[in-house]
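Written below as structure tokens is the structure these notes are about.
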Protein chains: 2
Amino acid sequence: MITNRSSTRGRPRRFDPDTAVAVAERLFHARGYDAVSVSDLTDALGINPPSFYAAFGSKAGLYARVLDHWGGTGAIPLDQILREDVPVADALAALLEEAARRYAADPEAAGCLVIEGTRCNDADAREAACALNRAAEDRIHDYIAARYPASAASVADYVSTTMSGLSAKARNGHDLPRLLATARLAGGTLAQALAG
Amino acid sequence: MITNRSSTRGRPRRFDPDTAVAVAERLFHARGYDAVSVSDLTDALGINPPSFYAAFGSKAGLYARVLDHWGGTGAIPLDQILREDVPVADALAALLEEAARRYAADPEAAGCLVIEGTRCNDADAREAACALNRAAEDRIHDYIAARYPASAASVADYVSTTMSGLSAKARNGHDLPRLLATARLAGGTLAQALAG
DNA sequence: TAATTAATGTAGGGGTCACTACATAAAAGC
DNA sequence: GCTTTTATGTAGTGACCCCTACATTAATTA
């Protein structure tokens with residue numbers, strides 16, 4: 001029993017909010033939060049500002065919806081990569097390679113939506129992105145800590161810093177081969193980093 | 001015989017452009033290009049917009065002056081670090097450590113002015129920062145290539161990607177110990193990366 | 001059919017952005 | 001002293017930003 005649009009009274013929507021979130025995700029990913037205006041969004045959605053604000057409350061509100069949606073679409077599936085049945089170093093190396101692949105997959109929307117969002121100039125949007133990013137970093141940290149408690153903090157920092165670098169360089173135009181080579185060099189030091 | 005203000009005709013300036021560049025450098029470094037308005041700059045300098053535009057032409061014009069000035073102030077002295085008389089891996093590791101130190105030196109102006117500038121939303125300012133960043137990356141590449149031509153491209157990418165990550169994380173609040181630990185983990189893999 | 005509910009389209013508000021027209025002030029050259 | 005040159009202060013400009021007031025339209029409910 002999913003809430004079926006919370007009673008169907010009133011004039012029906014002329015657009016699908018879920019589709020709108022997907023369109024917005026694309027725009028935010030391609031250009032970054034600050035460089036996408038509400039006009040850009042309403043134009044892309046074919047709606048007028050009042051419809052936009054009735055549905056999403058604010059630009060940052062829509063961005064929060066996009067971040068929620070992200071877990072099911074563009075986000076790296078940490079569940080599948082940070083496996084208990086493989087060496088930690090191998091899993092983290094696979095994580096970096098997967099990041100490289102995803103960040104370079106679409107040259108028009110390079111890098112990580114969330115990592116880039118943590119650096120925008122709107123306080124609300126930035127905090128939402130930071131919260132999501134912290135959650136991901138915590139999962140990486142806890143995954144390492146289960147088997148390497150002493151080096152978890154430093155290795156988790158190393159991995160997340162490398163991912164930030166990969167995202168930045170993807171946006172600076174580095175293509176898949178370059179990002180992948182970088183990710184592999186970074187991954188190659190994990191075994192000794194964990195041991196140290 | 002330095003050009004002494006190109007003839008002293010006319011009403012004298014009430015501010016020193018070089019001081020203004022230093023003040024602007026501080027503001028751009030602290031908040032990023034996009035988040036600093038011309039009003040912020042004129043307020044900080046105690047001047048009015050016409051004086052600002054007469055002296056610098058535009059906001060991006062002042063930013064270009066800041067980038068020129070940067071080489072003599074905040075920039076990492078590649079000359080002194082990329083030495084011919086030390087192993088390449090050691091020099092690059094020292095470069096990463098020095099980056100960590102500088103990016104965390106001032107929490108109010110974290111990260112690298114130039115790297116952060118390559119990601120701003122103004123086309124002129126971004127291109128100026130990218131040009132300067134490319135020059136630095138080329139120097140790193142050429143330094144490596146002199147002794148390790150086969151791995152120069154990938155190792156240079158790895159080093160610059162790590163620096164981008166360090167700058168990003170510095171701006172996300174990572175302090176000196178964390179950045180330094182990350183830089184050292186990254187530096188530890190350089191010897192084998194060069195050999196590979 | 002009438003009342004209620006909700007989303008729409010038109011039009012615009014208040015603010016900030018980078019930037020400038022213009023008259024004035026302060027120096028040097030004649 | 002008068003002209004020329006340059007920087008200044010006052011006071012804006014148009015463009016764009018995020019967001020909204022308000023009347024209207026289109027659906028359900030009574």
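Residue numbering restarts at 1 for every chain, and letters A, B, ... go by the order of the sequence lines.
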Closer than 4.0 angstrom, basic N to acidic O: yes or no for B:E127 and B:R134?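 Yes, this pair counts.
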Classify the side chain of B:R9 and the base of D:dT6 as holding, or not holding, a donor-acceptor pair under 3.5 Å.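 Flag unset: no donor-acceptor pair detected.
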Just N and O in the side chain of [X]: are any of them under 4.0 Å from OP1 or OP2 of [N]?
{"X": "B:R14", "N": "D:dG9", "value": "yes"}
{"X": "A:T8", "N": "D:dT28", "value": "no"}
{"X": "B:Y53", "N": "C:dC19", "value": "yes"}
{"X": "B:S37", "N": "C:dC17", "value": "yes"}

When the distance from [atom1] of [X] to [atom2] of [N] is rounded to whole Å, what number comes out?
{"X": "A:R13", "N": "C:dT8", "atom1": "CZ", "atom2": "P", "result": "6 Å"}
{"X": "B:R11", "N": "C:dA25", "atom1": "CZ", "atom2": "P", "result": "8 Å"}
{"X": "B:D34", "N": "C:dA18", "atom1": "CG", "atom2": "C1'", "result": "13 Å"}
{"X": "B:N48", "N": "C:dA18", "atom1": "CG", "atom2": "P", "result": "16 Å"}
{"X": "A:Y33", "N": "D:dC17", "atom1": "OH", "atom2": "P", "result": "13 Å"}
{"X": "A:K59", "N": "C:dG15", "atom1": "NZ", "atom2": "P", "result": "20 Å"}
{"X": "A:D124", "N": "D:dC17", "atom1": "CG", "atom2": "P", "result": "19 Å"}
{"X": "B:F52", "N": "D:dG12", "atom1": "CZ", "atom2": "C1'", "result": "18 Å"}

Close side-chain approach of A:E116 to A:F28, heavy-atom, < 4.5 Å: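 SC-SC contact between A:E116 and A:F28 ruled out.
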Could you tell me how the ring of B:F56 sits relative to the ring of B:F15: parallel (under 30°), tilted (30 to 60°) or perpendicular (over 60°)?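 Plane angle between 30° and 60°, so tilted.
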Pick base, sugar-phosphate or nothing for B:F56, based on heavy-atom distances below 4.0 Å to the nucleic acid.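 Answer is nothing: B:F56 stays at 4.0 Å or more from every strand.
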List the steps and the verdict of side chain to side chain donor-acceptor pair (under 3.5 Å) for B:S37 and B:D40. CA-CA 5 Å; B:S37 70; B:D40 293 331; 3.2 Å; yes
I'd like to know whether CZ of A:R147 has more than 12 heavy-atom contacts from other residues, nucleotides or ligands below 6.0 angstrom. yes
Closest nucleotide of DNA chain C for B:G10 versus for B:V36: which of these residues is on the 5' side?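 Between the two, 5'-proximity favours B:V36.
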Looking only at the side chain of B:V38 (C-beta and beyond, no hydrogens), which of the listed nucleotides D:dG9, D:dA21, C:dA18 gets closest?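 Given the options D:dG9, D:dA21, C:dA18, the side chain of B:V38 is closest to C:dA18.
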Quick one: on DNA chain D, does B:P50 or A:P50 contact a more 5' nucleotide (nearest heavy atom)? B:P50
